There are 2 protein chains.
Amino acid sequence: MEDTVTAETSPADIDRIVSAAVHAADRLAATTPVERARLLEAAADALEKASDELVTLAAKETHLPEQPRLRGEMVRTVFQLRLFGQVLTDGEFLRAAVDHADAKWPMGPRPDIRRMTVPIGPVLVFTASNFPLTLSVAGHDTAAALAAGCPVVIKAHPGHPELSERTFEILARALTEAGAPEGTVGIIYGLESGVTALRHPGIAAAAFTGSEAGGRALFDIANARPRPIPFYGELGSVNPVVVTAAAVAARGVEIATGYAGSFTLGAGQFCTKPGLLLLPAGHGLEDELRAAVAAIPAQHMLNERIAHGYRAGLERLTEHPAVAVLSDPTGSTDTPSRALSASADSAGSTDTPSQVPPAPAPDTAEFGPTLLRVNGADFLHHSESLDAECFGPVSLIVEYEGPEQLRAILRELEPGLTITLQAEESDAELVESLLPGLTALAGRLIWNGWPTGITLSWAQQHGGPYPATTTPQFTSMGTAAIDRFLRPVAWQGFPEALLPAPLRDANPWDVPQRVDGKR
Amino acid sequence: MEDTVTAETSPADIDRIVSAAVHAADRLAATTPVERARLLEAAADALEKASDELVTLAAKETHLPEQPRLRGEMVRTVFQLRLFGQVLTDGEFLRAAVDHADAKWPMGPRPDIRRMTVPIGPVLVFTASNFPLTLSVAGHDTAAALAAGCPVVIKAHPGHPELSERTFEILARALTEAGAPEGTVGIIYGLESGVTALRHPGIAAAAFTGSEAGGRALFDIANARPRPIPFYGELGSVNPVVVTAAAVAARGVEIATGYAGSFTLGAGQFCTKPGLLLLPAGHGLEDELRAAVAAIPAQHMLNERIAHGYRAGLERLTEHPAVAVLSDPTGSTDTPSRALSASADSAGSTDTPSQVPPAPAPDTAEFGPTLLRVNGADFLHHSESLDAECFGPVSLIVEYEGPEQLRAILRELEPGLTITLQAEESDAELVESLLPGLTALAGRLIWNGWPTGITLSWAQQHGGPYPATTTPQFTSMGTAAIDRFLRPVAWQGFPEALLPAPLRDANPWDVPQRVDGKR
């Protein structure tokens with residue numbers, strides 16, 4: 001449906017584009033980090049200048065509001081290109097280590113050996129639908145891969161084809177004018193094109209942000225290649241929020257409001273949407289939660305495929321025998337969720353979960369938020385079916401009976417991108433006992449905040465054990481995301497003149513070096 | 001055959017051992033790096049004290065000579081435990097980053113966010129047959145995983161079961177006496193036990209050193225889990241050596257001698273054995289090469305399985321229509337290799353390639369080195385069948401016609417662990433033109449040395465694109481090998497008292513911190 005603007009890229013064209021990336025790889029790898037920082041800066045400048053045009057296109061294709069959402073994304077897109085420029089001038093990403101020959105090395109005489117990172121090679125970037133600027137053509141993965149010195153083949157998302165095409169034109173022209181080798185970036189369109197490119201021997205790594213099903217299928221393809229390649233998939237996350245009794249007592253209304261805002265942000269189409277809220281039983285926040293949710297307007301979803309998936313996921317949750325509705329767009333409250341089906345006709349202009357049509361609805365349909373509840377014992381009994389991501393404005397409150405049941409629930413949770421604690425400093429003892437378990441479950445722990453909204457900085461970690469990601473050792477956001485596209489190489493016994501500059505004793509680029517073990 | 005000493009571990013016992021590791025994980029993760037350095041030191045001390053006993057056991061089970069080989073391995077095994085102790089006290093492995101809240105952060109207000117690495121969880125270590133001490137029970141992978149704070153489940157190699165059992169007893173007792181949590185190390189025996197443990201939900205990562213076929217099968221199993229885990233496989237490598245005409249002219253005899261010594265070291269049972277020597281056509285070193293190879297005594301192989309695999313691989317190579325024999329244990333020279341079969345009866349006590357028996361030979365058989373040759377054009381025509389690892393004392397000389405053909409050959413090579421250059425400084429222009437291609441092919445580049453003999457230090461890199469390893473972003477040897485068993489976690493908005501020590505502003509452990517982007 002969305003592919004009418006841009007035709008599926010043919011296998012011959014995919015081969016031509018990947019081959020151009022392979023051809024560009026050596027020349028791009030030979031650029032200095034400072035030269036690559038200039039390429040990123042040129043791309044940032046060009047995109048910044050084109051902001052109005054790109055935001056308009058994005059709004060047309062994605063239903064996302066221009067203010068503050070798409071304008072904010074534009075700022076972020078430009079910012080992250082420049083942030084990777086800082087990573088390049090900083091130089092630590094090279095991990096330069098120089099070990100001089102040492103005849104007295106305890107395990108036996110040591111030759112001169114020096115190590116640094118090099119670009120991994122051409123990277124295939126699968127763009128995401130939910131952030132059409134920040135996580136798309138000129139988005140975070142593209143910026144990280146270019147910073148690493150890797151050519152990028154971009155698989156455009158069918159959710160915003162015109163925007164993809166135009167963003168690519170601007171990015172490619174800016175890079176070419178700034179002196180990047182031909183073939184540094186390429187773009188391909190169509191579902192099959194991504195699979196074809198992923199199997200191409202010229203691709204050295206791939207990055208993906210999207211659904212668990214789609215990401216796992218691609219991960220399997222990457223691993224089934226005659227020569228498997230690293231596949232960095234950011235797949236899905238439920239992002240539980242744990243609220244203590246003390247926090248309810250101290251800030252109940254604030255928590256209800258913050259939660260409602262977070263799980264409905266972007267119509268719940270964020271990988272960090274809080275899908276579970278663990279509240280102590282008897283919290284008494286029902287009215288506050290209903291009021292907070294009722295204040296959130298219905299929103300468009302990104303496209304009909306996502307809306308359709310949301311209807312199905314919502315139906316699965318609301319029809320679950322253990323789940324009750326606390327608040328939904330029809331205004332029904334605390335009804336057993338199965339009753340929803342009977343009340344379907346009472347719905348107004350908003351699309352209720354019970355109205356899942358056999359044929360796709362027009363993509364102008366709007367969705368109001370749905371808030372569900374389940375008691376802790378039932379959740380434990382059904383955690384496999386209830387602890388699952390549902391992309392859209394729905395969240396499930398789990399009412400736990402005391403710390404022991406809370407601990408039991410946490411033990412059953414799937415790993416994810418984030419876990420949030422809403423607690424008081426007086427909870428220190430409880431929190432300290434929970435932290436080891438929470439750390440095992442997520443890549444980012446949040447204290448008295450909300451998981452949506454991901455800053456980009458040196459300390460950001462966006463990743464976690466599967467199914468959050470396929471590679472928990474890495475992050476897909478923040479400066480360390482560059483590490484995904486680097487691999488280390490050692491040079492043993494080389495004369496100074498033949499060593500890469502970062503490994504020379506003279507250190508002409510003035511990069512951080514670890515010399516003979518000393519930082 | 002080798003499994004008579006120690007019975008196959010039952011599925012129930014595997015579950016018990018992995019569960020104990022899971023149980024130990026939180027407590028081990030809670031130790032400080034300095035405490036873990038003490039655990040490693042205790043293990044090193046205990047193994048050092050037991051050296052005589054362990055070396056004797058190793059010699060009995062592996063046919064490897066005590067001097068210098070097994071004594072050297074013992075020194076290395078103790079050394080690497082202590083080296084990881086240094087990594088722990090250094091603290092950089094934590095990659096601690098502290099970004100304070102910043103209202104003026106260009107992409108929008110930044111919360112306080114801090115990031116460091118944590119242990120990935122219980123690690124399954126598949127031990128190797130060819131280094132019964134250094135890469136086995138208390139070997140490099142075990143040391144790296146313990147240093148990272150991960151419990152280790154060790155899959156013993158059937159090639160040295162008694163040694164494995166005894167090493168484990170010493171290691172486990174030393175760790176327990178030094179205060180390690182129960183379950184910090186466990187050991188399992190039998191081929192199926194490794195697969196069963198690899199599928200266990202409690203295992204968070206696995207490390208393997210061995211054959212490409214075996215490693216790929218385990219890699220596939222790790223990826224097929226409902227929750228895939230990182231699988232660090234070091235599989236195989238051909239380790240080409242490129243010799244320039246200038247190097248032949250300057251150091252022909254030295255090169256012939258060094259090469260013969262390197263490809264026969266440890267009976268060629270090293271993952272860094274130089275399997276290809278790229279010599280300029282007309283090198284005139286035939287006599288020197290034959291003499292150097294003739295000086296190498298026949299050697300036992302590790303076990304009958306490896307000996308059998310070697311015979312098969314050798315037969316495949318010697319029967320290849322493009323390959324001629326330059327020197328072999330029968331003393332035949334420059335005969336078309338197919339003629340070998342006819343001369344089989346002339347062999348003495350050494351086992352010649354033509355004598356591959358239908359039934360396994362006694363494992364006391366010795367193998368003399370075999371040196372083969374092929375011209376560059378034929379190699380290019382048959383590179384797929386000739387560019388393959390053959391574990392044992394055989395190597396193939398490829399005689400190239402000039403730099404253009406050399407470049408064409410290099411383009412056809414499989415990636416590997418190492419590439420070696422034997423060149424003169426006067427070759428600088430040629431070498432500079434080759435280096436980008438060589439860097440793409442390997443994890444370690446060696447100048448005028450030989451790939452066998454891997455020092456352990458901060459700059460070591462033992463890894464490379466597949467099939468060298470399944471994870472080219474990491475190394476399996478040297479201090480950076482710890483990175484395989486760590487994953488980053490970010491703490492957002494946490495009060496100082498609830499932060500892990502390395503992320504506190506007070507920095508009580510005095511670890512290196514990157515604060516607000518500044519190193």
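Letters A, B, ... are given to chains in the order of the sequence lines, protein chains preceding strands, and every chain is numbered from 1. Here the structure is a predicted model, which is why all the values come from computation and not from measurement. In what follows, every heavy atom counts, from backbone to side chain, and hydrogens, waters and symmetry copies are set aside.
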Exercise: identify the closest heavy-atom pair between A/Val118 and B/Thr439: CG1-CG2, 4.1 Å

Check: A/Pro226 main-chain N/O paired with B/Arg216 side-chain donor or acceptor under 3.5 Å: yes

Minimal non-hydrogen separation, B/Glu432 against A/Ala497, with atom names: OE2-O, 4.4 Å

Gap between atom CD of B/Gln461 and atom CH2 of A/Trp491 - 0.5 Å precision: 10.0 Å

Expected output: side-chain B/Arg519 to main-chain A/Asp90 donor-acceptor under 3.5 Å: yes

Under 4.5 Å from a heavy atom of chain A, the part of B/Ile454 involved: backbone

A/Arg115 backbone acceptor or donor facing B/Trp458 side chain under 3.5 Å: no

Side chain / backbone / both / neither for B/Ala224 at chain A, heavy atoms under 4.5 Å: backbone

Structural part of B/Asp26 lying under 4.5 Å from a heavy atom of chain A: side chain

Heavy-atom closest contact (B/Arg114 atom, A/Ala459 atom, distance): CA-CB, 3.8 Å

Mutual orientation of the aromatic rings belonging to B/Trp447 and A/Phe494 [parallel < 30°, tilted 30-60°, perpendicular > 60°]: tilted

Greatest number of heavy atom pairs closer than 4.5 Å to chain B - which of A/Lys518, A/Met116, A/His462, A/Arg76: A/Arg76

CG on B/Asp483 to CG on A/Asp483, rounded to 0.5 Å: 9.0 Å

Largest heavy-atom contact set with chain B, pairs under 4.5 Å, which of A/Gly463, A/Pro465, A/Gly449, A/Ala29: A/Pro465

Chain A contact via B/Phe219 - which portion, at a heavy-atom distance below 4.5 Å: side chain

Closest approach of B/Pro106 to A/Val75 (non-hydrogen atoms, all atoms of both residues): O-CG1, 3.9 Å

Heavy-atom pair of closest approach, residues A/Ile113 and B/Arg444: CD1-CD, 4.0 Å

Whether over 12 other heavy atoms sit under 6.0 Å from A/Glu496 CD: yes

Heavy-atom side-chain proximity of B/Met107 to A/Gln80 below 4.5 angstrom: no

B/Tyr466 portion near chain A, given a 4.5 angstrom heavy-atom threshold: both

Region of B/Leu435 that comes under 4.5 Å of a non-hydrogen atom in chain A: side chain

Side-chain touch A/Pro111/B/Thr455, heavy atoms, less than 4.5 angstrom: yes

A/Leu499 versus chain B, the contacting section by heavy-atom distance below 4.5 Å: neither

Contacting moiety of B/Ala442, where chain A heavy atoms sit under 4.5 Å: backbone

A/Ser457 versus chain B, the contacting section by heavy-atom distance below 4.5 Å: both

Considering all heavy atoms, the nearest B/Asn223-A/Asp220 contact: O-OD1, 4.3 Å

Min side-chain heavy-atom separation A/Pro472-B/Ile120 under 4.5 Å: yes

Under 3.5 Å donor-acceptor, A/Arg484 side chain and B/Gln473 backbone: no

Value rounded to 0.5 Å, distance of CG in B/Leu498 from CG in A/Leu445: 11.0 Å

Close side-chain approach of A/Pro415 to B/Arg227, heavy-atom, < 4.5 Å: yes

Per-residue contact mode, A/Gln86 against chain B (heavy atom under 4.5 angstrom): neither

Under 4.5 Å from a heavy atom of chain B, the part of A/Arg82 involved: neither

